[in-house]
Amino acid sequence: MPRYDAKRIETKWQTYWDQHETFKTGEFVEGKEKLYVLDMFPYPSGDGLHVGHPEGYTATDIVCRHARMQGKQVLHPMGWDAFGLPAEQHAIKTGTPPRITTQKNIDTFRRQLKMLGFSYDWSREFSTTDPEYFRWTQWIFLQLFESWFDPENEWTGPDGKKRVGRARPISELPIPEKIKFAGEEAIRHYQNRNRLAYQHEAPVNWCSALGTVLANEEIIDGKSERGDHPVERIPLRQWMLRITKYGDRLIDGLEGLDWSESIKSLQKNWIGRSEGAEVDFFIGSENQTTDLDQAFETWKSTRAASGFSEEPEADVLRIYTTRPDTLYGATYMVLSPEHPFVDRLTIADQKQAVEAYRQKAALKSDLDRTDLAKEKTGVFTGSYAVNPVNGARIPVWIADYVLISYGTGAIMAVPAHDLRDWEFAVEFSLPIIPVVQPADNYEPSKDELALETEIDGEKRTPFSGMGTAIHSGEFDGMKTADFKKQITANLIEQGVGKGAVNYRLRDWLFSRQHFWGEPFPIWHELDAEGKITGLMRPDPEESLPVELPDLKEYKPTGTPEPPLSSAPEEWLYKTDSDGTRLYREVNSMPQWAGSCWYYLRFADPENNERFVDLRNEQNWLPVDLYIGGGEHAVLHLLYARFWHQVLFDLGHVTCAEPFQKLVNQGMILGDVELTGFQTADGTWVSSKAVEESDEFDTGWIEKSSGKPVSILSLESDQVQKQGEDFTLVDDSTIYVNSRAYKMSKARGNVVNPDFVVEQYGADSLRIYEMFMGPLEATKPWSMSGLDGVSRFLGRVWRLMIEERDEEVTLSAAVTDDAPSEEQLRILHKTIKAVTEDIEKLSLNTAISRMMEFTNAMGQQKSRSKAVLSEFVLLLSPFAPHIAEELWSVLGNTESLAYQPWPIYDESLLQESIVEIPVQVNGKLRSKVSVAADADQATMQQAAEQDETVVKFLEGKTIVKAIVIPGRMVNFVVK
RNA sequence: GCCGGAGUGGCGGAAUGGCAGACGCGCUGGAUUCAAAAUCCAGUGGGGGUAAACCCCGUGUGGGUUCGAGUCCCACCUCCGGUACCA
């Protein structure tokens, strides 16, 4: 019985922790160091936990258990991100209300997490689907709704940092005189247009198969991320959040954060800030009668006096460019097909062609647009615009390579210096004027060369780099960077342009046509005919939460009308105190909403007065360590930071950034698979002669014949290494594939944590996942690796427990004698290494250090109890169950969860004699033993006397001897 | 294409510019056993040499810096992840 019995021990200690509320975070203690460690909370899917979850959870658990033993107060909560599609789709199929399914899944997840022995404070658990939680999600939405962004506001936050731009209450929005004059309704509409949460009629990605509108982020290659269904673009009234206003703040805020450079750059790229200029090109008034060139002169002088207007007037096309220095090379303009000026600029002769082109563009899904990306298409409108810098008349085209959603939806085309414009100009024989001279030693890039074209008998390529201005009037000879600054200044002076910043980031499409999401706390005013007027009334704060109605049917309506539109009348309509009929907003919030602020709620989960008490927020925030999968590196983190910054601007939270340190755990792949290929008649085909193909069920074909090949799983003894690759043992010309794949049901390589715990125990699973490799690396699973760590725990057990006894008793080898110097040295080396490794999150090496300890102690006939006790403490964050059990067998009556973490003594680390390497000319030739504290002369002398070294020094002169005390000796000889 | 990251034994992976391959898996041999499981001990990068001593080669490729490079610099190759008409 006293063999290491994981199941018995683990159940015992999990019950103990539960009963004693061992990991409940108490009231915040002033002056005691705090640590807030958070896992990205899971979506409780019906499949239960997979082995990827415990990877991050174990890492945070180790950090927390370690921190508690160091005397810190630790906040380590867990909850559920439980709104989302799967529960709704299950409801559609079975009629089971999503709340029921969700609850069941949460129960499974909780059971599994407890089974793994994580030290969460379960008293703080909540789900985003709890009305008491989403009450505050709705409240935060109202904060966004009731605010606008003032880009000019300069202010100093509670963190003492100066910022420009701030969210302010909508009541403080300055109303232009014109609008004030138009009356109350106009003012309300104006406010609506400026809110951080606003409604917008926009082409959205409608997926009829899912019966919903999708965010750009939910679409991959023009198909839905979920289910791979086709997506088309249709116009719809949608909720948007004005995240673009926070573009700069979201970039600047990254600076002080302890995040990997790669995630920071991922976020920066996503935001995609670019600097350039907006420039107005004169097109004349709508029914221009006088000559365009003459009108242009008048316009120029008017502009010189009035300056550049905030909004473009009707007589100009406003463009955005990052290369204002190429203005002289603009030879045509392009509008996106959706641009509002297309109609008025299209002359009668071109109407038909333009209309046809627009139709085609509108029908194209994103997929088609990218598919046809190779070829440039477009139509001339028949109209011209005037280049403000040189008065040149240039034709205005429409083309779908210009997107309505970026910049101003219109561009000036400079074919000589932009690859896309070049392609278009070549296609439609438009003039190409070079205005930037590359440096003398310039070689065209691959992309540029690919576009090489013969024009007028001469081979020419576009040039998209920087250089010196030519054909640019007074600016000739200027360097690109200087020219940009200079011309931007000139444009402002002449009132025809200004410096501008653009973002790749778009405003956040914040509504979904789902049942299983947070309802919006918004009512729409209806007019006498029951039509939506565009004016809105928020639910008063005190009436929150707006709960979901009971529905009989969860099916999508099949139209973009959300399922909530079939809610009972009394949920959908009400008459306000002033007699206005109101209709409830029937969209719901996206799944991101709940995860945007859950980290705040954990600091104060039961507060009925506020989303989080300010004091609690100040005490616990920011999150000191946040660990989760890389799939959230962009969106979740960007969205949560955005909400947080708005709350910060409005004074609801006091720290500017929510997540101080972020770590992305790597993905765990399935076991490595060796795959061979065979034709139908059973002949082997080399993996180098096959390729993937959708044509046949096997998914692979032989390249030469195009015939399908079947795939065969091989055992490791059937293959051998050959160079970089593997081949069959029987035939070294037949290469086979060797790689690990993502775990998936389809591939059948999913590892179930329940199974692993059943077989090996939770401690083994925890240690194995940490031992696999660096936390952030992608790593393949290996069942035999689990045997290894399981053996290690068995060895630890036998260090202390007498297996042959009936009862769990201390082994006779464990004594109360004073530890030997050697045992102490081993212990203190281990303490030092493990402590430092935990701090670096280098958990795989921490475990290997403990293995070394175990191996060394196993050799000792008599083992000091004191030494073993300290070791058990070191092991406890990693394998808490076995550690608690051993701790109690060692004679302790209380949990070790709050025992002081062992401290190493530097003086005990030193060995008295060390073996140091001796090199000659940098090559290792021998090793000599010297006293650890030997000085340079002694070391050099010892090295020179070494037999082998003498041989290498014979007949040579020592030019130089490099001696590093305690480390090495190197002789440079001639 | 662009932006990140990574290339080290049969495998997962270690190495503040200072003994490459810690630790684990796998494999080989041995002990224990009637036998097995479990456990313990020894060996295990490649080549040469007598399975000794010892020597040569070796961290994707080519160059460089350095007394000394897996580690730093330059160029390139391959793989993985993200992204893509963003003006």
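Since we're looking at a predicted model, the values are computed, not measured. Values reported hereafter were calculated over all heavy atoms of this structure, with side chains retained and with hydrogens, waters and symmetry mates removed. Chain identifiers are assigned alphabetically (A, B, ...) following the order of the sequence lines, protein sequences preceding nucleic acid strands; residue numbering begins at 1 within each chain.
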Contact class for [X] vs. all strands (heavy atom < 4.0 Å): base, sugar-phosphate, or nothing?
X	answer
R849(A)	nothing
F853(A)	nothing
E852(A)	sugar-phosphate
E261(A)	nothing
M772(A)	sugar-phosphate
N855(A)	sugar-phosphate
D787(A)	nothing
R273(A)	nothing
S738(A)	nothing
K923(A)	sugar-phosphate
N970(A)	base
S262(A)	sugar-phosphate
S782(A)	nothing

Nearest to the [X] side chain among [options], which nucleotide is it?
X	options	answer
M968(A)	rA38(B), rG13(B), rG18(B)	rG18(B)
V402(A)	rG26(B), rA15(B), rA87(B)	rA87(B)
M851(A)	rA15(B), rC23(B), rG18(B)	rC23(B)
V972(A)	rC23(B), rU83(B), rC67(B)	rC67(B)

With both distances under 3.5 angstrom, what nucleotide forms a Watson-Crick or G-U wobble pair with [N]?
N	result
rG7(B)	rC77(B)
rC23(B)	rG12(B)
rC40(B)	rG30(B)

Given the [atom1] atoms of [N] and [M], what is the spacing between them in whole Å?
N	M	atom1	value
rG63(B)	rA52(B)	C1'	41 Å
rG82(B)	rA87(B)	C1'	22 Å
rC11(B)	rU66(B)	P	36 Å
rU50(B)	rG12(B)	C1'	36 Å
rU65(B)	rA14(B)	P	31 Å
rU28(B)	rG10(B)	C1'	14 Å
rC79(B)	rC74(B)	C1'	22 Å
rC72(B)	rC2(B)	P	23 Å

Practice problem: Please indicate whether E915(A) has more than 12 foreign heavy atoms, meaning atoms of other residues, nucleotides or ligands, lying under 6.0 Å from its CD. | Solution: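 For E915(A), atom CD is crowded (more than 12 foreign heavy atoms under 6.0 Å).
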Practice problem: Can you establish whether the number of heavy atoms outside R318(A) located under 6.0 Å from its atom CZ is more than 12? | Solution: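 Correct, the count exceeds 12.
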Self-check item: Student check: side-chain heavy atoms of V834(A) and F878(A) closer than 4.5 Å
Solution: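 Yes, at least one pair of side-chain atoms sits under 4.5 Å.
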side-chain N/O [X] vs [N] OP1/OP2, d < 4.0 Å:
X	N	value
N502(A)	rA87(B)	no
R791(A)	rC25(B)	yes
Q859(A)	rC41(B)	yes
S274(A)	rA87(B)	yes
R925(A)	rC56(B)	yes
R798(A)	rC40(B)	yes
Y406(A)	rA87(B)	yes

Practice problem: Between P917(A) and Y320(A), name the one whose nearest nucleotide on RNA chain B is closer to the 5' end. | Solution: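 Nearest nucleotide further toward 5': that of P917(A).
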Quiz prompt | Closest-nucleotide 5' rank along RNA chain B - winner of R967(A) and L924(A) | solution =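 The residue closer to the strand's 5' end, by nearest nucleotide, is R967(A).
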Roughly, in whole Å, what's the span from [atom1] in [X] to [atom2] in [N]?
X	N	atom1	atom2	result
E776(A)	rG4(B)	CD	C1'	13 Å
M770(A)	rG13(B)	CE	P	14 Å
L637(A)	rG82(B)	CG	C1'	15 Å
I767(A)	rC23(B)	CD1	P	17 Å
L786(A)	rG26(B)	CG	P	12 Å
F792(A)	rC25(B)	CZ	P	11 Å
L799(A)	rC40(B)	CG	C1'	13 Å
D837(A)	rG13(B)	CG	C1'	14 Å

Self-check item: D946(A), I916(A), I913(A) screened by side-chain contact (heavy atoms from CB on, under 4.5 Å) with S929(A), the one that passes
Solution: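 Answer after filtering D946(A), I916(A), I913(A): I913(A).
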Exercise. Determine whether the side chains of Q936(A) and Q940(A) contain a donor N or O and an acceptor N or O closer than 3.5 Å.
Key: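 No pair is found: no donor N or O on one side chain lies under 3.5 Å from an acceptor on the other.
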Quiz item: Okay, side chain of Q267(A), backbone of A633(A): is any donor-acceptor separation there less than 3.5 Å?
Solution: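 Present.
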Looking only at the aromatic ring of each residue, does the gap between the centers of [Y] and [X] stay below 6.0 angstrom?
X	Y	value
Y332(A)	F428(A)	no
F871(A)	F853(A)	yes
W781(A)	Y768(A)	yes

Practice problem: Could you classify rG9(B) for me, syn or anti, using a glycosidic angle within 90° of 0 as syn? | Solution: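 Base orientation: syn.
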Quiz item: Ignoring hydrogens and angles, are the base of rC85(B) and the side chain of K376(A) linked by a donor-acceptor pair under 3.5 Å?
Solution: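 Indeed there is one.
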Quiz item: Do K927(A) side-chain and rC19(B) base share a donor-acceptor contact under 3.5 Å?
Solution: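 Looking at the base of rC19(B), it does pair with a donor or acceptor on the side chain of K927(A) (distance under 3.5 Å).
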